[in-house]
Number of protein chains: 2
Amino acid sequence: MTKQPRLADVARAAGVSTATASMALNDTGGTRIGSQTRDRVRAAAAELGYRPNTVARGLRTRRTQMIGFIGDDVATTPFAGQMIRGAHDAAREAGFLLLMVDTSGDHDETGEAIAALQERQIDGILLATMYHQVIEVPKAIGSTPHVLLDARTADGSSSAVVPDERGGTLSVLSELTGAGHVRIGHVTTREDVQARAIRLETWRERVTASGIDPDELLVEVDHATTPLGYEGAKRLLDRDDRPTAIFCFNDRMAMGVYRAAAELGLAIPADLSVVSYDDQDLIAPALSPGLTSAALPHYAMGQWAVKELLRRLDEPDAEPVQHHMPCPVSRRSSVAPR
Amino acid sequence: MTKQPRLADVARAAGVSTATASMALNDTGGTRIGSQTRDRVRAAAAELGYRPNTVARGLRTRRTQMIGFIGDDVATTPFAGQMIRGAHDAAREAGFLLLMVDTSGDHDETGEAIAALQERQIDGILLATMYHQVIEVPKAIGSTPHVLLDARTADGSSSAVVPDERGGTLSVLSELTGAGHVRIGHVTTREDVQARAIRLETWRERVTASGIDPDELLVEVDHATTPLGYEGAKRLLDRDDRPTAIFCFNDRMAMGVYRAAAELGLAIPADLSVVSYDDQDLIAPALSPGLTSAALPHYAMGQWAVKELLRRLDEPDAEPVQHHMPCPVSRRSSVAPR
DNA sequence: TTCCAAGGGTTAATCGATTAACCAATACGA
DNA sequence: TCGTATTGGTTAATCGATTAACCCTTGGAA
């Protein structure tokens with residue numbers, strides 16, 4: 001117990017060379033190792049509690065079994081955890097570990113992060129942003145295999161996975177139309193993110209299709225926060241031709257909508273149905289009544305990204321893939337027939 | 001650009017041996033390297049875009065500049081992000097990176113996680129739990145330097161940092177007493193966590209000190225969720241001798257308390273003052289009125305833990321330190337004079 | 001009998017740094 | 001005029017694996 005045993009110790013204990021020990025433990029070298037020899041080596045390794053030094057192995061094999069995870073702003077968003085967890089689980093299953101770097105969105109810092117990871121000889125990089133962004137891959141990444149997470153390039157030159165915002169929006173809207181709603185309002189943010197653009201456009205299409213002018217039912221505010229959601233909802237609801245249902249950009253805004261409805265004496269869902277996006281754990285099930293919301297599949301995206309990365313490790317020349325991950329709806333009690 | 005340059009390439013370009021190049025770049029070896037030689041080597045390195053291979057370096061120096069972060073359940077709690085971020089920032093500042101492993105609280109898995117990290121020759125380990133727990137350090141950790149994060153051992157044999165729950169509770173309670181409140185209720189959970197025990201006991205002391213029987217003003221429910229917070233608050237508020245203020249175990253329960261108050265026609269803070277613990281970003285500022293809450297200093301704890309770990313890397317025999325991190329109060333609008 | 005192939009290992013080179021041990025030349029004090 | 005530091009390097013060993021290149025038996029086939 002004084003020192004970690006090395007491969008040489010195992011070899012000595014089994015009475016073979018380190019080459020044989022290595023091959024026996026790793027099942028390499030084809031038929032060169034007899035089965036009783038292999039068992040002897042394995043037994044010796046188990047006996048000594050041998051654990052390979054992956055640093056030494058990595059130096060020789062040029063593989064570290066580590067994946068770099070570069071996150072835009074890991075801390076401040078509650079989604080990051082799920083994304084990391086999904087990536088982590090898929091990685092661990094394949095014997096990989098995640099080496100994390102958080103950049104605060106700073107572009108220089110991203111370059112530095114990439115360099116720091118490359119110095120450590122990671123096998124590949126996951127480039128994650130929060131909130132579905134269209135980015136350029138920093139040239140510092142060179143030929144390091146990589147996959148984009150909740151982000152993509154404009155030209156699709158890197159493998160990437162993003163939520164299927166359009167599908168999610170359609171699903172959650174059909175919760176409303178299925179209940180007979182036609183005048184469906186939308187409370188959203190003015191921030192320039194993909195999520196906003198896609199949700200807005202999809203809603204617009206859908207409402208237009210039922211012969212209604214979307215601009216009458218749209219409210220935009222500066223940020224996707226609860227207080228501004230409240231204000232937006234007030235503007236939308238405090239009039240005679242108010243919508244019978246509201247689709248909110250996200251749960252935080254929906255929380256404000258709930259408050260506005262309460263103040264105006266509108267019961268949810270009897271007087272007003274509400275649906276939303278993000279399905280945040282701290283909000284959607286906590287509101288009363290529970291909020292029907294389309295979930296962002298962060299866990300699944302993290303998983304997918306690692307699997308795709310591992311695939312690219314094996315076939316570096318594979319065509320990049322753009323994946324749209326479905327956004328399942330969590331149905332709760334905020335929708336009632338019109 | 002075909003291959004990453006090695007130290008040998010830099011040495012050749014500068015016309016020196018690799019030993020000299022190494023010393024010149026790392027400022028080691030005292031006065032042995034002349035200043036013009038050093039400059040020549042540095043220039044060559046910069047010219048070639050040389051980046052040291054830390055795997056090779058790690059093999060020789062037995063230092064990888066990586067810290068293992070073992071998290072109890074990184075994903076599901078929104079606090080984890082802040083903790084990771086604090087640790088990450090402190091680590092990065094010192095040239096370290098975080099290697100993450102998430103265990104789902106499974107004890108075997110923790111042993112496996114430790115082994116996986118040790119195989120990779122991490123320099124030290126951060127053992128983090130969510131929600132301040134008293135744990136035993138797995139023996140698998142052996143002599144690897146480690147620090148406990150939001151956790152501690154019963155005997156204080158490992159360095160550890162936990163929130164100062166007692167101090168935070170006192171601070172947030174004096175928000176109420178300072179406003180003249182005496183009959184302060186407490187809505188808490190029955191779950192067996194340190195946070196509950198300390199907050200409860202501290203509240204009990206304080207209330208008893210002002211001559212009131214705490215048991216009259218205490219409500220316990222099975223879990224610290226919003227719906228149960230709501231039920232608990234109903235029980236506490238729906239009677240004549242109701243308290244004038246409530247201290248909630250956490251923000252999620254406080255969210256339920258808000259709802260109960262609204263239903264009973266009690267205005268916050270005019271008719272009822274509310275304070276809480278956790279200061280969760282998605283809740284405390286989002287409620288109306290904003291909720292005064294004691295913050296869990298996760299970022300600071302993460303930072304502290306890394307600094308302490310780095311210290312122990314230098315002085316392995318230093319006495320273990322138990323640190324209680326202050327919980328600052330975020331004062332908002334949920335407290336009014338009695 | 002002679003050779004070749006297959007089976008089962010071993011030897012030694014290698015990955016890319018760091019660093020202990022050594023060495024040559026100059027300076028300096030006695 | 002020596003002996004001894006001091007300055008400014010170089011050589012070679014080392015970290016702990018993996019793996020290409022050999023090597024020795026034994027069993028058959030020619």
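Note that the coordinates shown come from a computational prediction; the quantities given were computed from them, not determined experimentally. In what follows, every chain begins at residue 1, and chains take the letters A, B, ... in the order their sequences are listed.
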Base, sugar-phosphate, or nothing for A:T61, non-hydrogen atoms under 4.0 angstrom?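 A:T61: backbone/sugar contact only, no base atoms under 4.0 Å.
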Base, sugar-phosphate, or nothing: which does A:T20 touch, judged by heavy atoms less than 4.0 Å apart? base
Whole-Å distance separating the [atom1] atom of [X] from the [atom2] atom of [N]:
X	N	atom1	atom2	answer
A:R6	D:dT18	CZ	P	13 Å
B:R38	D:dT7	CZ	C1'	14 Å
A:R120	C:dG16	CZ	P	18 Å
A:Q36	C:dG7	CD	C1'	11 Å
B:L7	D:dT11	CG	P	14 Å
B:E119	D:dA17	CD	C1'	13 Å

Sub-4.0 Å heavy-atom contacts from residues 47-60 of chain B onto DNA chain D, ordered by number: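 Nucleic-acid contacts, sorted: B:L59, B:R60.
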Does C:dT18 have OP1 or OP2 sitting under 4.0 Å from an N or O in the side chain of B:T28? no
With sequence neighbours left out, what residues match A:H146 under ring-ring contact (aromatic ring centres under 6.0 Å, His included)? none
Under 3.5 Å, which N/O atoms of the protein pair with N/O atoms of nucleotides 21-28 of chain D?
| unit_1 | atom_1 | unit_2 | atom_2 | d |
| --- | --- | --- | --- | --- |
| D:dA21 | N6 | A:R32 | NH2 | 2.8 |

In terms of side-chain heavy atoms of B:T18, which of D:dT10, D:dT18, C:dT18 is nearest? C:dT18
A:E136 side chain to A:T153 side chain, donor-acceptor N/O pair below 3.5 angstrom: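 Checked: A:E136/A:T153 side chains show no N/O donor-acceptor pair below 3.5 Å.
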With a 6.0 Å cut-off (strictly less than), is the heavy-atom count around CD of B:E315, excluding the residue itself, greater than 12? yes
